[in-house]
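Side chains are part of it too, since the values below use all heavy atoms of this structure and drop only hydrogens, waters and symmetry mates. Quantities reported herein were computed from a predicted structural model and do not represent experimental measurements.
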Amino acid sequence: MTEKECEFDYRKYAEAATGRVVYGFLGLVATVAVVIFMVWAILHPHKPRFVLQDVTIYEFNISQPNLLSSNLQVTLSSRNPNDKIGVFYDRLDIYASYRNQEVTLANLLPETYQGHLEVTVWSPVLIGSAVPVEPYLSPALNEDINAGMVLLNIKIDGCVKWKVGSWVSGCYRLLVNCPAFIPFSGQLVGAGPAIKDQLAQQCAVDV
């Protein structure tokens with residue numbers, strides 16, 4: 001056998017060995033992916049359930065030119081409905097909005113791990129000082145106050161992760177919207193008594 005033939009045979013052997021390694025690795029990756037998918041499909045995590053318990057408003061006042069000042073504290077709870085899956089809450093921003101416009105600064109809730117069927121309660125303070133709002137909001141708010149009822153939306157925008165055993169999933173975006181119908185008899189400017197409304201309002205949750 002010539003030297004050229006020996007070199008050719010070695011190259012074919014090396015290519016075949018490399019192919020076996022690559023196919024073996026791809027097969028392992030596919031097997032792991034199938035196992036993870038089967039575990040995920042069997043456990044089938046349910047999204048957490050949020051309830052807005054109450055809202056206390058210390059200030060809610062709109063002044064010219066179209067500046068809204070607000071100071072409120074909310075209490076809301078979250079329940080993990082899964083009996084085999086834990087939930088990590090990561091980077092949860094909570095804020096209040098009025099007619100789809102954010103009217104308070106976002107407050108970052110603490111990172112939280114929620115075990116199986118556990119309940120977590122938060123009571124953040126939400127403040128907006130002279131927040132510029134769209135011109136149409138001023139007459140709309142006055143109309144709502146005159147009608148005796150203002151609809152605020154307490155919203156959460158953040159990240160949720162699932163935990164099964166020692167395995168933790170990637171980040172899934174969490175959106176929560178809690179409507180709060182607040183009875184008003186006039187604008188609050190911070191000097192008068194606060195308004196506290198017990199709600200126990202179910203929130204819309206999207207993951």
Side-chain angles (χ1 to χ4, degrees), residues 47-80 87-114 118-160 173-207:
K47 58 190 178 183
R49 297 169 184 170
F50 282 77
V51 175
L52 181 62
Q53 302 290 353
D54 61 61
V55 177
T56 302
I57 298 183
Y58 301 98
E59 180 181 8
F60 200 79
N61 177 47
I62 194 161
S63 59
Q64 299 300 329
N66 304 314
L67 300 176
L68 179 61
S69 295
S70 55
N71 184 341
L72 58 150
Q73 183 172 20
V74 301
T75 301
L76 72 161
S77 63
S78 169
R79 181 177 183 272
N80 175 11
V87 179
F88 279 109
Y89 295 104
D90 189 16
R91 301 190 305 276
L92 297 184
D93 285 323
I94 182 170
Y95 60 92
S97 73
Y98 174 70
R99 299 206 177 206
N100 296 318
Q101 181 166 344
E102 187 173 337
V103 295
T104 68
L105 296 176
N107 193 335
L108 183 64
L109 296 177
E111 295 183 2
T112 304
Y113 173 72
Q114 203 170 55
E118 285 187 354
V119 176
T120 303
V121 178
W122 297 281
S123 294
V125 174
L126 307 177
I127 297 176
S129 180
V131 177
V133 295
E134 294 293 337
Y136 74 87
L137 285 186
S138 180
L141 177 58
N142 288 327
E143 289 179 5
D144 289 344
I145 291 175
N146 291 334
M149 187 73 66
V150 173
L151 172 60
L152 294 178
N153 290 83
I154 308 303
K155 296 185 177 182
I156 293 177
D157 187 348
C159 166
V160 65
R173 189 176 184 188
L174 173 70
L175 297 174
V176 181
N177 185 2
C178 307
F181 290 92
I182 310 297
F184 269 81
S185 59
Q187 298 197 40
L188 291 176
V189 295
I195 295 176
K196 183 171 185 177
D197 195 18
Q198 302 285 347
L199 298 166
Q201 174 67 49
Q202 293 283 343
C203 306
V205 180
D206 186 25
V207 178

Nearest-0.5 Å distance that lies between atom CD1 in Ile57 and atom CG in Leu152: 5.5 Å
Please report the shortest heavy-atom distance between Gln73 and Tyr58, naming the atom on each side. OE1-OH, 3.7 Å
Set out, in order, the CA-CA distance, both residues' side-chain angles and the distance that settles salt bridge (charged side-chain N to carboxylate O under 4.0 Å, His left out) for Lys155 and Asp93, then state yes or no. CA-CA 8 Å; Lys155 296 185 177 182; Asp93 285 323; over 6 Å; no
What's the separation between atom SG in Cys159 and atom CZ in Arg91, rounded to the nearest 0.5 Å? 5.0 Å
List for me each residue that meets side-chain contact (heavy atoms from CB on, under 4.5 Å) alongside Glu102, sequence neighbours excluded, and say none if there are none. Tyr95, Ala106
CZ of Phe50 to OG1 of Thr120, rounded to nearest 0.5 Å, is 8.5 Å
Is any side-chain heavy atom of Val125 closer than 4.5 Å to one of Asn71? yes
State whether the number of non-hydrogen atoms from other residues, nucleotides or ligands found under 6.0 Å of Tyr136 atom OH is greater than 12. yes
Shortest non-hydrogen contact between Ser78 and Pro48, atoms and distance: OG-CB, 3.8 Å
Closest heavy-atom contact between Leu92 and Gly158? CD2-CA, 3.8 Å
Minimum heavy-atom distance Pro139-Pro135, with the two atoms named: CD-O, 3.3 Å
Are Val160 and Val207 close enough that some pair of their side-chain heavy atoms sits under 4.5 Å apart? yes
Salt bridge or not between Asp157 and Arg173? Use side-chain N to carboxylate O under 4.0 Å. yes
Leu141/Val133 under side-chain contact (heavy atoms from CB on, under 4.5 Å): CA gap, chis, key distance, verdict: CA-CA 11 Å; Leu141 177 58; Val133 295; over 6 Å; no
Does Arg79, at its CZ atom, have more than 12 non-hydrogen atoms belonging to other residues, nucleotides or ligands within less than 6.0 Å? yes
Going from CD1 on Ile62 to CG on Leu67, what distance comes out if it is rounded to the nearest 0.5 angstrom? 8.0 Å
Of all heavy-atom pairs linking Val55 and Ala180, the shortest is CG2-CB, 4.1 Å
Nearest 0.5 Å, what's the CG-SG distance between Asn153 and Cys203? 10.0 Å
Residue list, side-chain hydrogen bond (donor to acceptor under 3.5 Å, both in side chains) with Asp90, at least two apart or on another chain: none
To the nearest 0.5 Å, how far apart are CD in Gln53 and SG in Cys178? 10.0 Å
Apply the side-chain contact (heavy atoms from CB on, under 4.5 Å) test between Ile156 and each candidate in Asn177, Leu76, Asn107; give the one that qualifies. Leu76
Test Ile94 against Ile154 for side-chain contact (heavy atoms from CB on, under 4.5 Å), laying out the working first. CA-CA 7 Å; Ile94 182 170; Ile154 308 303; 3.8 Å; yes
Using a 4.5 Å cut-off on heavy atoms from C-beta on, say whether the side chain of Ile145 contacts that of Val150. yes
Over all atoms of both residues, closest heavy-atom pair of Leu151 and Pro179: CD1-CB, 4.0 Å
Checking side-chain contact (heavy atoms from CB on, under 4.5 Å) for the pair Thr112/Glu118: CA distance, chi angles, key distance, verdict? CA-CA 11 Å; Thr112 304; Glu118 285 187 354; over 6 Å; no
For a side-chain contact (heavy atoms from CB on, under 4.5 Å) check, start with the C-alpha distance between Leu109 and Tyr89, then their side-chain angles and the critical distance, and finish with the verdict. CA-CA 9 Å; Leu109 296 177; Tyr89 295 104; over 6 Å; no
Which residues pass the side-chain contact (heavy atoms from CB on, under 4.5 Å) test with Gln198, sequence neighbours left out? Asp54, Lys196
Side-chain donor/acceptor of Gln101 to backbone N/O of Pro132, under 3.5 Å: yes
